[in-house]
Amino acid sequence: LGVIAKEPAFLAVEENGSKFKVRASGKEAQKMFLTTSKNVTIYQPIVNGEIINEKMATVLISEVLEKSIQDKFLFKKISAIVAVPCALNVAQLKLIKSVLHSSGISKVEFVANGVCVCQNLQLDENSRIMVVDIGKFITDISVLSGNSFDFGRMYYIGGANMDDSITTYIQDNHNLEVSDQTSEAIKDEVASLYERDLYRTDYIGIDADGKFVKNSITANEVRVSIVNVYDKIFNLIKDVIKEQPKDIAAEIYSNGVVFIGGCSKISGLYEYAKKKLDLPIIVAEEPTDIVVQGAAKLLGKNKQFMKIEF
């Protein structure tokens, strides 16, 4: 028996001195981010698999477990497989384990994100493949063979850099100021790596006089602003391949690269990556869910897999 809960790492808390009351968690707390009152603080205690607020992370995970598991008897024997970026250090892993134990999870095992992805692919046990996870703040690049993690690098580049580029483009070309949330919404709505994509979306910006102005932006304009971020990521992929022994590099060129993560949902990624990297490309059908789906398979079927030991 297993439970998959898909919730963003947000927690809305009403604080009164040393005491606090949880107002919302997950999606509900995220919706309150821009509309919350002065008495309510919105926390994001987990970012890119790293815990930045231990106390609130414990509360958040406890809340998610309580919402997801109705049968209180199951709380006595909760086991978890934790999929993490490949470059988290021992101190970060120990902190995650401590928070999960405090939240009511009795058994915790760690595995690299890429290993979870491989559970959803039809791969030969010994064939090597590269998995590239492009998230909001980091890009995680792993080399794997079957259930084994061979090599990995983590880089601080991702969707947030794209949001910044969109903000700068609008400032320079539309003479308007927009929030980070607006730039992210534009990216999610119309971002495309196809050239001359004229799909358009509206947004609200602030002009030099401080007035709110309704304007629109095309997918091609968004492409111009963010394509350099993808180019940097593709260059990092090439660098990681160059670091591999020749036989492993040859296998990657034969088997290809799997793209996952929120920034892998962009239109045209397959064609653009294939052109830039010149090797087989796989874009996951559900790029934001494939890791947790793979982790569920490892947990539910009790398969042998490469755990992260420390």
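All residue numbers refer to positions in the sequence shown, counting from 1. The structure presented is a predicted model; accordingly, all values stated were derived computationally and were not measured.
A donor-acceptor distance shorter than 3.5 angstrom exists from the side chain of S103 to the backbone of T58, with no hydrogens or angles considered. Side chain of D207 to backbone of L176: no donor-acceptor contact under 3.5 angstrom is found. Looking only at distances, a side-chain donor or acceptor of T139 sits under 3.5 Å from a matching main-chain atom of I157. Under the 3.5 Å distance criterion, the side-chain polar atoms of Q244 are matched with a main-chain donor or acceptor of V240. For N89 (side chain) and A91 (main-chain N/O), a donor-acceptor pair under 3.5 Å exists by modelled atom type. N53 places no side-chain N or O within 3.5 Å of a backbone atom of P45 that could act as its donor or acceptor partner.
Between F149 and S142 the shortest side-chain heavy-atom distance falls below 4.5 Å. Put simply, the side chain of L144 does not reach to within 4.5 Å of the side chain of D150, judged on heavy atoms.
Atoms CD1 and CD, on I61 and E7 in that order, are 12.5 Å from each other to the nearest 0.5 Å. One distance of note links CE of M130 with CZ of F151; it measures 8.5 Å at 0.5 Å rounding. To the nearest 0.5 angstrom, E221 atom CD is 10.0 Å from L198 atom CG.
Neither side chain, T168 nor S165, offers a donor N or O lying under 3.5 Å from an acceptor on the other. The closest side-chain donor-acceptor pair between T167 and S183 falls under 3.5 angstrom. A side-chain donor-acceptor contact under 3.5 Å links K297 and N120.
V283 and M162 fall within the same hydrophobic cluster, where Ile, Leu, Val, Met, Phe, Trp and Tyr residues are linked whenever their side-chain heavy atoms come under 4.5 Å apart, directly or through other members.
For Y272, the ring-ring contact (aromatic ring centres under 6.0 Å, His included) test picks out F234, with sequence neighbours left out. Under the salt bridge (charged side-chain N to carboxylate O under 4.0 Å, His left out) criterion, E243 pairs with R153, not counting sequence neighbours.
Using a 4.0 Å cut-off between charged side-chain N and carboxylate O, E14 and R23 make a salt bridge.
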Using residues 254-263 as the side-chain source, report each donor-acceptor pair under 3.5 Å to any protein atom, sequence neighbours left out, with the distance given to one decimal.
{"residue": "N255", "atom": "ND2", "partner": "R128", "partner atom": "O", "Å": "2.7"}
{"residue": "N255", "atom": "ND2", "partner": "E251", "partner atom": "O", "Å": "3.3"}

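Annotation: K27, atom NZ; neighbour count of heavy atoms from other residues, nucleotides and ligands within 6.0 Å is above 12. The number of heavy atoms from other shown groups lying within 6.0 Å of CD (Q92) is above 12.
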Fill in: D197/S192 under side chain to side chain donor-acceptor pair (under 3.5 Å): CA gap, chis, key distance, verdict
CA-CA 7 Å; D197 188 336; S192 169; 3.1 Å; yes

Practice prompt. Dump the intermediate steps for side chain to side chain contact (heavy atoms under 4.5 Å, CB included) on D278 and K274, then the final yes or no.
Written response: CA-CA 5 Å; D278 192 28; K274 196 166 183 65; over 6 Å; no

